[in-house]
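Notes follow once the structure below has been shown.
In what follows, every chain begins at residue 1, and chains take the letters A, B, ... in the order their sequences are listed.
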Amino acid sequence: MNFEVVFFFSIAALAIVSAILMITQRNPIKSVIFLIVNFFCIALIYLILHAQFIAIIQILVYAGAIMVLFLFIIMLLNLGDESALTEKIGYKKTIAYVLSAVLLLEIVIGLSLPWTVAASRIHPNANEIGTVEAIGKSLFIDYLLPFEVISMLLLAAIVGVIVLAKKKFQ
Amino acid sequence: MEIIITIIKIIVVLGVMLGCVAYIVLLERRLSAGIQNRIGPNRVGWQGLLQPIADVMKLVFKEDIVPTKANRFIHDLAPIISIGVAMTTFAVIPFGDRINLFGYDIKLQIADVNIGILYILALTSLGVYGLTLSGWSSNSKYPLLGGIRSSAQMISYELSMGLSIIGVIMIAGSLELDTIVEAQAGWRWNIILQPIGFITFVVAAFAETNRLPFDLPEAEPELVAGYHTEYSGMKFALFYLSEYANMFVASAIITTLFLGGWQVPFVHSLGLPDFWVSVIQVFGFLFKIILIVAFFIIIRWTIPRFRYDQLMNLGWKFMLPIAILNLLITGLIILLI
């Protein structure tokens, strides 16, 4: 076993444990903290795959910006008694458990198939593909039109949110 | 061997940094005393030079009080996040050129990553958790208000901070801090090439480090002591330390991005051996940092605190458009040249 494999399995274990802790915590703030830990683990896994840009963006955008907003909103909601938030196991939950079990089975089967194993190896040029320069080049040269279309879509969404938010105050 | 050198570098950098931070506290107290026509602490040691040690001893032996209804786990976690983020940011900052020591060619930078600036931005965006969580976990109204203020403030100023750096990145053509410093050789400092970017970055740095005139999260006339009201003993000391460590790191980033980093003009024309050139560069870097820290301190005792709505208006309606304008102008000039 080389160092990379040990590192990967410890990070993966931490990611799964933090994900489970995130959904089992009663306290929503603690859930947020474990979700942040989970995002960090995923960022480290990206680093193992030589995708430095994606790794740092994962921390910058998800752990640094989106989760701060989550925390901000949970603090403002002031949920108070946490036991009131618990749900009873109904038919919806049972179906959800069955569906996630099926999904897990699918992932395990999918990963053990011979052709997916070959595809999941690290690309030989992974070191060059993961850099900021390579991503910038493919975004602004190779895929310029889709990039601009997505930018327009996001801009439209931002304008729409502002219009909707302003309406309520009038 | 590589690993041992890196570990030695980490220990030396952390030691120098903590020593500097301890004496920045003393510098702040003496400078503020001078500005207010007082004398300041001068009893412990010559001119009060042993005061930081006395302060640390006092704080270590103080009782650690946790409010009854506080969330113990998060209450303990918050100062750790604060100090951890403040210290790890320094890892990518180059504090000198290569140096030849005992036959080893050592690069004076702990981690040379090719996403240097993004790493700094990512870590500073995490610093807000320490403040917000400490405010929430204390289960008390003033810390909560301080925590909420800090998260709103930091989100607002992160944007203009990130945008004001882009001009520097465009000039150097790289995200690596090393390349950015090398691009500023001689007098090609970015403060001259990017004056608007420099001003917006410095203002955003004041807001990100919660220093006056932007210290709303701990505004003492309104919020007692803001987010760390319910902290005492060593945990309070960690918050105190992380505030000054943040200031030190912010000064180091400003120096690296805009003031030429470790570049000392004309040092190569003196004809000194390479070893001494490197030493002069390291001390030049430290000297620039201390100058900016002194600037931070003087500003604190000169400008009154902003009102909260003024802070938000400045961030969104003034800083952000100026940073975008700077970006457009820089892009245009680079295209034309």
Side-chain angles (χ1 to χ4, degrees), chain A residues 3 21 25-37 39-40 42-44 46-47 50-82 126-137 140 158 162, chain B residues 3 71-75 77-78 80-81 84-85 88 92 111 113-139 141 143-156 158-159 161-162 169-170 173-176 179 208 227:
Chain A
F3 176 70
L21 279 172
Q25 288 296 321
R26 281 271 168 85
N27 188 330
I29 300 266
K30 277 191 187 167
S31 295
V32 168
I33 292 173
F34 284 116
L35 188 56
I36 296 165
V37 174
F39 283 153
F40 263 91
I42 292 171
L44 285 175
Y46 285 143
L47 268 188
H50 302 287
Q52 309 124 338
F53 182 69
I54 306 282
I56 208 76
I57 287 297
Q58 169 86 11
I59 293 176
L60 188 64
V61 175
Y62 284 93
I66 291 179
M67 292 320 288
V68 174
L69 283 179
F70 270 49
L71 201 64
F72 191 63
I73 286 161
I74 290 173
M75 274 164 57
L76 281 179
L77 284 177
N78 200 8
L79 293 166
D81 189 19
E82 291 135 14
N127 244 334
E128 282 90 65
I129 293 173
T131 58
V132 187
E133 289 88 352
I135 289 176
K137 267 180 195 143
F140 293 108
I158 293 168
I162 290 171
Chain B
I3 291 175
N71 190 320
R72 184 86 206 219
F73 172 67
I74 300 176
H75 198 263
L77 186 69
I80 300 174
I81 297 176
V85 166
T88 38
V92 294
V113 288
N114 68 2
I115 41 170
I117 285 189
L118 289 177
Y119 174 88
I120 288 175
L121 285 178
L123 277 182
T124 47
S125 73
L126 294 176
V128 62
Y129 285 118
L131 274 58
T132 314
L133 288 175
S134 65
W136 179 81
S137 66
S138 301
N139 210 345
K141 48 185 173 296
L144 183 65
L145 282 173
I148 288 175
R149 279 182 180 189
S150 77
S151 48
Q153 174 179 331
M154 285 185 149
I155 291 172
S156 311
E158 241 163 50
L159 279 174
M161 191 177 206
I169 300 172
M170 281 157 84
S174 169
L175 292 175
E176 274 172 69
T179 321
E208 289 281 315
Y227 61 92

Exercise. Relative to chain A, which segment of B/Ile74 carries a heavy atom at a distance below 4.5 Å: side chain, backbone, both, or neither?
Worked result: side chain
Exercise. Which region of A/Val68, side chain (C-beta onward) or backbone (N, CA, C, O), has a non-hydrogen atom less than 4.5 Å from a non-hydrogen atom of chain B, or is it both or neither?
Worked result: both
For this session: For side chain to side chain contact (heavy atoms under 4.5 Å, CB included), just list the numbers for A/Phe40 and B/Leu126, CA-CA rounded to whole Å, side-chain angles, deciding distance to a tenth of an Å, and then say yes or no.
Result: CA-CA 11 Å; A/Phe40 263 91; B/Leu126 294 176; 3.2 Å; yes
Exercise. Among B/Leu77, B/Leu175, B/Leu133, which residue forms the greatest number of heavy-atom pairs with chain A at distances under 4.5 Å?
Worked result: B/Leu133
Exercise. Is it the side chain or the backbone of B/Leu123 that comes within 4.5 Å of chain A heavy atoms, both, or neither?
Worked result: neither
For this session: Identify, with sequence neighbours excluded, every residue that meets side chain to side chain contact (heavy atoms under 4.5 Å, CB included) alongside B/Glu158.
Result: B/Ser125, B/Glu208
Problem set entry | side chain to side chain contact (heavy atoms under 4.5 Å, CB included) between A/Phe72 and B/Thr132, worked out | CA-CA 8 Å; A/Phe72 191 63; B/Thr132 314; 5.9 Å; no
Problem set entry | Side chain / backbone / both / neither for B/Tyr119 at chain A, heavy atoms under 4.5 Å | both
Exercise. Going by heavy atoms in the side chains, are A/Tyr46 and A/Gln52 under 4.5 Å from each other?
Worked result: no
Problem set entry | Worked check of side chain to side chain contact (heavy atoms under 4.5 Å, CB included) between B/Ser138 and B/His75 | CA-CA 7 Å; B/Ser138 301; B/His75 198 263; 3.9 Å; yes
Exercise. Which bit of B/Leu118 comes within less than 4.5 Å of chain A, counting heavy atoms only: side chain, backbone, both or neither?
Worked result: both
Problem set entry | Whether B/Phe73 and A/Phe34 hold their rings parallel, tilted or perpendicular, with breakpoints at 30° and 60° | parallel
Problem set entry | Region of B/Ile148 that comes under 4.5 Å of a non-hydrogen atom in chain A | both
For this session: Could you tell me which of A/Val61, A/Leu71, A/Ile56 has the largest number of non-hydrogen atom pairs under 4.5 Å with chain B?
Result: A/Ile56
